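Remember, it's 1-based here, ligands and their atoms both numbered in the order they're listed. Just so you know, these numbers come straight off a predicted model, no measurement behind them.
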Amino acid sequence: MRRIISPINLREDRLPPGQHWTNKLHILGISDPPDIDLSEYRFRIFGEVENPITLTWDDIMELEKVELIADFHCVTRWSCPDVSWIGFHVDEIKKLVKIKETAKSVMVHSLDGYTTNVPIEYFFDEDVIFAYMLNGKPIPADNVYPLRLIVPKLYSWKSAKFVTAIEFKDKDEPGFWEKRGYHILGDPWKEQRYWED
Ligand SMILES: Nc1nc2c(c(=O)[nH]1)N[C@H]1C(S)=C(S)[C@@H](COP(=O)(O)O)O[C@H]1N2
Ligand SMILES: [Mo]
């Protein structure tokens with residue numbers, strides 16, 4: 001299996017300003033993890049693409065597996081080093097759909113109603129994956145179930161859990177927390193925490 005080490009782990013200023021290390025992922029979310037039968041799970045890719053598609057869980061299992069090792073930085077100031085995720089790299093999506101040139105941002109939709117926006121150049125990055133395993137264990141309900149996006153270079157509210165669709169959009173629009181005061185981008189090294197930052 002291909003292993004990706006996020007470049008953020010190799011930075012000289014590895015711990016972003018205003019953060020402290022902790023040794024676990026603290027479960028944070030707007031609701032409990034959804035109860036879903038994997039045989040009914042669907043992952044939809046739509047918006048600014050030539051050929052929208054819907055994948056089943058079996059389709060997802062067929063995609064090439066990668067392991068990502070990346071630090072995890074929560075805007076509430078804890079950071080967890082070297083988290084191991086297994087899933088598929090975002091480049092797999094480019095093999096499945098033809099993305100239009102008008103696509104500028106990705107809106108991620110989750111089963112709990114959560115959404116978050118990721119500009120396209122942050123989405124298609126070397127260390128961005130959709131994960132279904134955490135630290136070697138299959139599908140832990142609280143942190144992942146059944147699929148989550150991991151965007152190591154941004155605060156972890158961008159790493160949406162329980163993903164059910166991604167929507168390519170012609171402009172970057174705020175998602176759930178971005179509408180409620182979180183920064184539109186969220187770069188931890190720039191401390192882009194809230195609007196006024
Ligand atoms: N679907 C969904 N994804 C979500 C959230 C959420 O409420 N719903 N919360 C976000 C926030 S604010 C954080 S800090 C991380 C927490 O991830 P963890 O519970 O695995 O530590 O998930 C992010 N992804
Ligand atoms: Mo968060």
Side-chain angles (χ1 to χ4, degrees), residues 6 8-9 15-36 38 40-45 57 60 67-87 90 105-119 122-123 125 127-167 173-197:
S6 173
I8 68 165
N9 290 33
L15 185 66
Q19 297 291 113
H20 62 265
W21 291 117
T22 173
N23 62 359
K24 62 170 206 147
L25 295 182
H26 302 270
I27 309 296
L28 290 175
I30 58 170
S31 65
D32 288 338
D35 192 9
I36 180 171
L38 285 185
E40 281 159 26
Y41 174 80
R42 295 292 179 272
F43 178 59
R44 199 155 71 92
I45 306 173
W57 190 251
I60 289 170
E67 182 184 16
L68 169 71
I69 308 287
D71 298 344
F72 192 86
H73 301 298
C74 179
V75 71
T76 59
R77 298 182 183 274
W78 56 267
S79 294
C80 184
D82 293 324
V83 185
S84 153
W85 305 97
I86 291 173
V90 283
S105 184
V106 179
M107 186 65 84
V108 189
H109 297 268
S110 296
L111 290 162
D112 56 351
Y114 187 79
T115 55
T116 192
N117 58 297
V118 182
Y122 283 85
F123 183 80
D125 204 346
D127 58 351
V128 177
I129 75 165
F130 283 93
Y132 40 77
M133 286 178 87
L134 165 59
N135 293 327
K137 286 188 228 116
I139 324 172
D142 290 334
N143 299 97
V144 181
Y145 198 76
L147 188 71
R148 90 176 288 175
L149 180 66
I150 301 295
V151 191
K153 288 176 187 146
L154 300 177
Y155 283 123
S156 53
W157 85 78
K158 299 288 184 182
S159 292
K161 307 191 271 192
F162 333 127
V163 171
T164 185
I166 54 170
E167 179 183 5
E173 283 176 355
F176 183 90
W177 283 124
E178 295 83 4
K179 276 188 203 150
R180 290 165 176 80
Y182 284 27
H183 196 278
I184 192 78
L185 181 61
D187 180 334
W189 284 268
K190 294 186 178 149
E191 284 206 74
Q192 293 173 335
R193 297 174 191 274
Y194 310 105
W195 281 340
E196 62 270 27
D197 295 335

At under 4.0 Å between heavy atoms, which part of R148 makes contact with ligand 1: side chain, backbone, both or neither?
-> side chain
Is it true that the side chains of S84 and E67 contain a donor and an acceptor less than 3.5 Å apart?
-> yes
among protein heavy atoms, the one nearest atom 10 (C) of ligand 1 is Y114 OH, 3.6 Å
Contacting atoms of ligand 1, where contact means under 4.0 angstrom from a heavy atom of L25 = 21 (O)
Please assess I36 against F162 for the test side-chain contact (heavy atoms from CB on, under 4.5 Å), listing each intermediate value before the final yes or no.
-> CA-CA 10 Å; I36 180 171; F162 333 127; over 6 Å; no
Taking only non-hydrogen atoms of I30 and a 4.0 Å limit, the atoms of ligand 1 in range are 6 (C), 7 (O)
E191 and R77: which non-hydrogen atoms are nearest, and at how many Å?
-> OE1-NH1, 4.0 Å
Could you check which of G29, S159, S156 puts a non-hydrogen atom nearest to atom 15 (C) of ligand 1?
-> S156
Is the Lys NZ or Arg CZ of R180 less than 6.0 Å from the centre of Y182's six-membered ring, within 45° of the axis?
-> no
Decide whether T115 and H109 meet the rule of one side-chain donor and one side-chain acceptor closer than 3.5 Å.
-> no
Output the list of atoms in ligand 1 that are nearer than 4.0 Å to some heavy atom of A160, sorted by atom number.
-> 3 (N), 24 (N)
Quick one: CD1 on I69 to CD1 on I8, what's the gap to the nearest 0.5 Å?
-> 12.0 Å
Any heavy atom of F72 under 4.0 Å from ligand 1? The part involved is side chain
Return yes or no for this condition: an N or O of S31 is under 3.5 Å from an N or O of ligand 1.
-> no
Structural part of D112 in contact with ligand 1, heavy atom criterion under 4.0 angstrom = side chain
Are any of the N or O atoms of W78 closer than 3.5 Å to those of ligand 1?
-> no
Considering only the protein, which heavy-atom contact is closest to atom 9 (N) of ligand 1, and what is its distance?
-> L28 O, 3.7 Å
Using the side-chain hydrogen bond (donor to acceptor under 3.5 Å, both in side chains) rule, pick out the option among Q19, H26, K24 that qualifies with T22.
-> H26
Find all atoms of ligand 1 within a distance of less than 4.0 Å from any non-hydrogen atom belonging to S110, and give their numbers and elements.
-> 1 (N)
Could you pull out the closest heavy-atom pair between N9 and D71, with the gap in Å?
-> OD1-N, 3.0 Å
Can you name the nearest heavy-atom pair linking K161 to I27, along with the distance?
-> NZ-CG2, 4.2 Å
A student checking ligand 1 against I27 at a 4.0 Å heavy-atom cut-off should list atoms 19 (O)
For ligand 1, which atoms have a heavy atom of W177 less than 4.0 angstrom away?
-> 12 (S)
Shortest non-hydrogen pair, A70 vs S6, comes out as CB-CB, 3.7 Å
Per-atom filter on ligand 1: closer than 4.0 angstrom to a heavy atom of C74 are 14 (S)
Which ligand 1 atoms are under 4.0 Å away from a heavy-atom of W157?
-> 10 (C), 11 (C), 12 (S), 23 (C)
Taking atom 21 (O) of ligand 1 as the reference point, the nearest protein heavy atom with its distance | H26 O, 2.7 Å
shortest atom 19 (O) of ligand 1-to-protein heavy-atom contact is with K161 NZ, 2.6 Å
Give the ring-plane orientation class for F72 versus W85, where under 30° counts as parallel, over 60° as perpendicular and anything between as tilted.
-> tilted
